[in-house]
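Below is one structure, written out as structure tokens, with a few remarks after it.
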Amino acid sequence: MALRKILYYPDPKLKAIAQPIIEINNDIKKLIDDMFDTMYEAKGCGLAATQIGVPLQLVVIDFGEEKKQNPLVLINPVITEQSGEQTFEEGCLSLPGLYEKVKRASNIKLTALDEKNTPFEICAKEDYFCQCLQHEIDHLQGKLFIDHLSPLKRSRAKKKLAKGLEA
């Protein structure tokens with residue numbers, strides 16, 4: 001297991017559209033382990049493969065009070081249903097120090113594969129987990145949470161990020 005370098009905005013690789021994983025082999029399993037290690041080291045609760053420069057449809061999440069207790073792997077995730085609206089403050093390992101309120105669906109259903117190639121479904125409703133799932137899946141589509149902000153807020157966020165890069 002190894003730590004991977006997390007890409008930071010405005011790295012153009014963060015805008016890459018992730019490709020489906022065709023085969024869950026040893027390389028993918030190692031990537032999953034590396035992603036969990038990287039996420040835990042960065043003190044995050046979710047990480048998409050695109051955030052480490054790997055354009056594959058892979059997300060790892062762990063919301064447990066004690067890390068490494070509730071790891072979740074999403075391979076080729078697809079949101080199949082969404083409804084309602086909720087707002088939570090979001091941050092991102094690729095946009096360090098930036099937090100903004102983001103509106104997203106309050107109810108989603110998604111399908112994915114786990115690391116054993118077993119299909120599963122998740123229904124998430126009106127909570128931060130629902131928000132996080134959407135945030136990470138956005139990464140696989142080349143979207144960042146600032147893309148959900150109004151043009152004015154997005155402009156301010158980009159300026160704040162640019163100042164942080166200069167420091």
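Remember, it's a predicted structure, so these values are computed and weren't measured experimentally.
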Answer whether the closest heavy-atom distance between the side chains of [X] and [Y] falls below 4.5 Å.
X	Y	result
H135	C92	yes
Q131	T87	no
L93	T38	no
V54	L31	yes
H139	L144	yes
K5	I52	no
L58	M35	yes
Q57	I75	no

Partner of F120 by side chain to side chain contact (heavy atoms under 4.5 Å, CB included), out of L72, T111, L113: L72

ILVMFWY network linking L56 to V78, side-chain heavy atoms under 4.5 angstrom: no

Using a 3.5 Å cut-off and no angle test, enumerate the donor-acceptor pairs between side-chain atoms of residues 152-159 and protein atoms at least two apart in sequence or in another chain.
unit_1, atom_1, unit_2, atom_2, d
R154, NH1, I146, O, 3.4
R154, NH1, D147, O, 3.3
R154, NH1, L149, O, 2.7

Donor-acceptor contacts under 3.5 Å from residues 94-103 side chains, at least two apart:
unit_1, atom_1, unit_2, atom_2, d
S94, OG, L7, O, 2.8
S94, OG, Q51, NE2, 3.1

What distance do [X] atom [atom1] and [Y] atom [atom2] have between them, rounded to the nearest 0.5 Å?
X	Y	atom1	atom2	result
Y8	K13	OH	NZ	14.0 Å
I21	E23	CD1	CD	11.0 Å
D114	L74	CG	CG	9.5 Å
L133	D127	CG	CG	8.5 Å
F129	F63	CZ	CZ	7.0 Å
D37	L3	CG	CG	6.0 Å

Taking every non-hydrogen atom, the tightest pair across C130 and A105: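 Scanning both residues completely, I find the closest heavy atoms to be SG-O, 3.6 Å.
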
Where P77 and A112 come nearest, the two heavy atoms and their spacing: CA-CB, 3.9 Å

Partner set under side chain to side chain donor-acceptor pair (under 3.5 Å) for E136, not counting sequence neighbours: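 Scan of E136 (side chain to side chain donor-acceptor pair (under 3.5 Å), adjacent residues dropped) gives none.
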
Heavy-atom neighbours of N26 CG exceed 12 at 6.0 Å: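 Atom CG in N26 is not crowded, with 12 or fewer foreign heavy atoms closer than 6.0 Å.
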
Expected output: side-chain Q82 to main-chain N107 donor-acceptor under 3.5 Å: no

Main-chain N/O of P55 paired to T50 side chain as donor or acceptor, under 3.5 Å: no

Residues D138, H148; criterion side-chain contact (heavy atoms from CB on, under 4.5 Å); working and verdict: CA-CA 10 Å; D138 267 1; H148 291 277; 2.5 Å; yes

Derivation of the side-chain contact (heavy atoms from CB on, under 4.5 Å) call for I61 and N70: CA-CA 8 Å; I61 293 176; N70 296 302; over 6 Å; no

Check against side-chain contact (heavy atoms from CB on, under 4.5 Å), Y40 and D62: CA-CA 9 Å; Y40 292 138; D62 192 343; 2.5 Å; yes

Passing option when R104 is tested against E90, E126, E85 for salt bridge (charged side-chain N to carboxylate O under 4.0 Å, His left out): E90

Criterion side-chain contact (heavy atoms from CB on, under 4.5 Å) on S106 and K125, from CA distance to verdict: CA-CA 6 Å; S106 57; K125 298 179 185 243; over 6 Å; no

D34 and K30 ion-paired at < 4.0 Å: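 Result for this pair is yes, salt bridge flagged.
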
